[in-house]
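Here is the naming used below: chain letters follow the sequence lines, and residue numbers restart at 1 for every chain. Computed over heavy atoms, backbone and side chain alike; hydrogens, waters and symmetry mates excluded.
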Amino acid sequence: MTVSVERKGAALARPGGMRASGFSMRTKRLLWVWGFLALPILFYSVIRFYPTLQAFWLSLTNWDLLRPAKFIGFTNYTKLFSDPQFWKVFKNTFTYLILGTPISLVLAFAIAFFLDRVRFLHGFIRALYFLPYLTTAAAMAWVWRWFYQPPPIGIINDVFGMLGLPQQPFIRSTDQALYSIMVTAIWAGLGFQIIIFMAGLRAISTTFYEAARIDGLGEWAILRKITLPLLKPTTVFLVVFSSIGFLRIFDQVYNMTTNDPGGPLGSTKPLVLMIYQTAFNSYAMGYAAAQTVVLFTILLIVSLLQLWILREKK
Amino acid sequence: MATIELDKIVKRYGKIEAVKGIDLSIADGEFVVFVGPSGCGKSTTLRMIAGLEEISDGTLKIGEDVVNEREPKQRNIAMVFQNYAIYPHMSVRQNIGFGLYTSKLSKAEKDKRIEDAGKILGLEALLDRRPAALSGGQRQRVAIGRAMVRDPAAFLFDEPLSNLDAQLRSQMRIEIKRLHQRLKTTTVYVTHDQIEAMTMADRIVVMKDGNILQVGTPSELYENPVDVFTARFIGSPSMNLVAGQRTGAGVSLVASGDLLIGVRPHDLLARPTPAGGNGFSLTGRVTAVEPLGPETLVHLDTAGTSVIATARDKFVPEVGRQLSCEAATGSLYLFDAGTEKFLGRS
């Protein structure tokens, strides 16, 4: 990625006021600029950056809401890394990420690619795909829970029954629950990704395709040599965006497994849900903070890694 | 190389006819320029030849074959677009080589063709650059290079110079013309710029409202336009038109005559003192002058009609004065005032 920072360009070119107030034009502009920036900076410092730093500190203490926090060094971390529950959750989280992101992106791209060519009821179909994105996760999760029930309530097992296929336990099985939840999470995010992919596809000039047709490229070659490379900025954005989404997955899991959040037997539990339970069920704030710091580090590494892998090669 | 035959070609969009049954035959190796205002159907015609638009009616032959139902690739034509259509994610070499994507040549043969095209177009030093690092003129050359390596039956150009500045445009004009003289490939070139048409074409096709108005060499069109539209479209600045009528052997100015008298600004000379010949003369008030260096364009208001004349020999008349301008016998174009058809010279 190349980032070009325009050196105060726009601000300098703007016509300024008069010198009457005693400040020089440059000083006045700086006062305006910082005046406008002050509010968001203040907001972010108090609401975002301070708690973030506080979490780093808390992760080194044994705070439990009742007694004052006491510095205990890296005890929380050593405890975390030797906790089999953590490694289970770690594995779950990465399963969501490593399967969820590519599957959802390939699906979204395929749908966007073909929907882009459909003229008949185009707006309506696009709205249908986008609808899940507008729905609350709680409502969606409940509907999917019903889908996954045994017959006659569960529609999926109903269909399986009609087709003569064996019944599946879905979210009641330790093997299938995670994948069942992943399907709903993919489905929920699909609408957004389709919209972004379609905007990216629309932005590619049609003359590129016409030139390629004249050069005799087939559909597949056009897709591989022109569409996908020109769509790269969109793809990078969606890969990072969707990865962060799967790494932070919480509401889908929590709402689909309300009786035993993250169950059965922790087989669907992601890192965020573990943090939530450590903090607000066990009130081990220091331990939860340590888990948060680990999640933060993972998010940072994954995002930077993706940006580096998908960077513009010179 | 090949001939191109258009036989009653029609393009319909729903009920609208964009191209209304045009006939044209383009000889092998000929450079034909389609010219006309926006929406006249020239680009649509080119795109039908390319195979990017379906032909609603009529037959199109390239060489000996009817190609109406053939894919662009099977027609073996190459096309250069107004916005170049070169791929930003590929180097110049890859872009030029993209024209050979489906070719069965060996790698070495392909490389040689790319190198050759680069050499002809002066791109050798830039072959490994990305398009983002090129100027507009260089990008257009890359697009031409991609068309060249294919060794196509015909080149199609769709307003290729419209995105370039005036200086580059005149330079590229010459380069494309030289390239044609060198390769001798049949070329169809679409433009709305009559200067490009005049300077590059073997034959010009003037189009308006989906019809061909006139086909001819640049000098034929300039000297014998079929009607007022062609006469005013070809030549810059546009031909002056004033109402008049026949008087014996000559013509005279009348406010509501049955003739339109056309005179090109270059033939209508403004002098400090009238020469008093027996040619055609116009008198009016100077409303503006445009000094161009070797000559000055003088805008005159003659009885409500605006006319442009030329002043030579460093003569720049002042704005507001009355001035007489003269045109030599034989330099006038006469048109029927009703049908606007060309009647002859006078």
Side-chain angles (χ1 to χ4, degrees), chain A residues 1-6 9 105 109 112-113 116-120 122 196-197 199-240 306-314, chain B residues 43 46-53 70-91 94-104 128-133 139 142-160 162-163:
Chain A
M1 298 276 291
T2 54
V3 181
S4 66
V5 180
E6 224 184 330
L105 287 181
F109 176 77
F113 185 74
D116 191 41
R117 300 168 174 209
V118 173
R119 292 283 155 272
F120 179 71
H122 176 92
I196 301 291
F197 265 133
L201 286 171
R202 289 280 161 93
I204 299 174
S205 162
T206 49
T207 42
F208 284 141
Y209 295 121
E210 289 179 345
R213 276 178 63 198
I214 285 179
D215 286 337
L217 272 74
E219 287 272 334
W220 177 242
I222 289 176
L223 179 67
R224 227 162 37 86
K225 289 281 173 183
I226 296 166
T227 311
L228 288 179
L230 290 174
L231 208 59
K232 198 164 144 184
T234 310
T235 315
V236 172
F237 167 75
L238 281 178
V239 166
V240 173
Q306 284 169 343
L307 286 176
W308 184 75
I309 291 168
L310 295 168
R311 76 193 180 281
E312 205 70 60
K313 290 188 183 71
K314 279 282 143 196
Chain B
S43 276
L46 188 80
R47 290 168 62 82
M48 284 193 285
I49 297 174
L52 295 173
E53 298 278 353
R70 290 208 189 155
E71 283 294 310
K73 165 74 180 173
Q74 298 166 316
R75 300 183 185 199
N76 191 24
I77 38 87
M79 186 155 167
V80 176
F81 294 85
Q82 180 177 350
N83 61 0
Y84 326 129
I86 54 173
Y87 304 110
H89 57 284
M90 298 181 195
S91 69
Q94 288 168 321
N95 263 292
I96 294 177
F98 210 65
L100 296 170
Y101 187 80
T102 53
S103 144
K104 296 197 168 50
D128 293 312
R129 291 221 195 146
R130 287 287 174 98
R139 286 181 205 189
V142 174
I144 294 171
R146 187 172 65 196
M148 266 171 62
V149 286
R150 288 258 310 276
D151 196 13
F155 280 127
L156 309 179
F157 289 90
D158 189 7
E159 309 216 12
S162 299
N163 285 4

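- Proximity of B:Arg47 to A:Glu210: side-chain heavy atoms (C-beta onward) are separated by under 4.5 Å at one or more points.
- Per-residue counts of heavy-atom pairs under 4.5 Å with chain A were compared for B:Val80, B:Ile86, B:Asn76; the largest is that of B:Ile86.
- Annotation: the span from A:Ile214 atom CD1 to B:Lys73 atom NZ amounts to 11.0 Å, rounded to 0.5 Å.
- Heavy atoms closer than 4.5 Å to chain A are found nowhere in B:Leu100, neither backbone nor side chain.
- Neither the backbone nor the side chain of B:Ala147 comes within less than 4.5 Å of any heavy atom of chain A.
- Rounding to the nearest 0.5 Å places NE2 of B:His89 at 10.0 Å from NZ of A:Lys232.
- For the atom pair CD of B:Gln94 and NZ of A:Lys225, the computed distance is 7.5 Å after rounding to the nearest 0.5 Å.
- The OH atom of B:Tyr101 lies 5.5 Å from the CG atom of A:Leu217; values are rounded to the nearest 0.5 Å.
- Heavy atoms closer than 4.5 Å to chain A are found nowhere in B:Tyr84, neither backbone nor side chain.
- For a heavy-atom cut-off of 4.5 Å, chain B lies close to A:Ser205, A:Thr207, A:Phe208 in residues 201-209 of chain A.
- Under the ring pair (Phe, Tyr, Trp, His ring centres under 6.0 Å) criterion, A:Phe109 pairs with A:Phe113, A:Phe197, not counting sequence neighbours.
- Looking at B:Arg75, neither its backbone nor its side chain comes within 4.5 Å of chain A, counting heavy atoms on both sides.
- Interface residue B:Tyr87: backbone and side-chain heavy atoms are both found under 4.5 Å from chain A.
- Between atom CE of residue B:Met90 and atom CG of residue A:Leu230 there is a gap of 8.0 Å, rounded to the nearest 0.5 Å.
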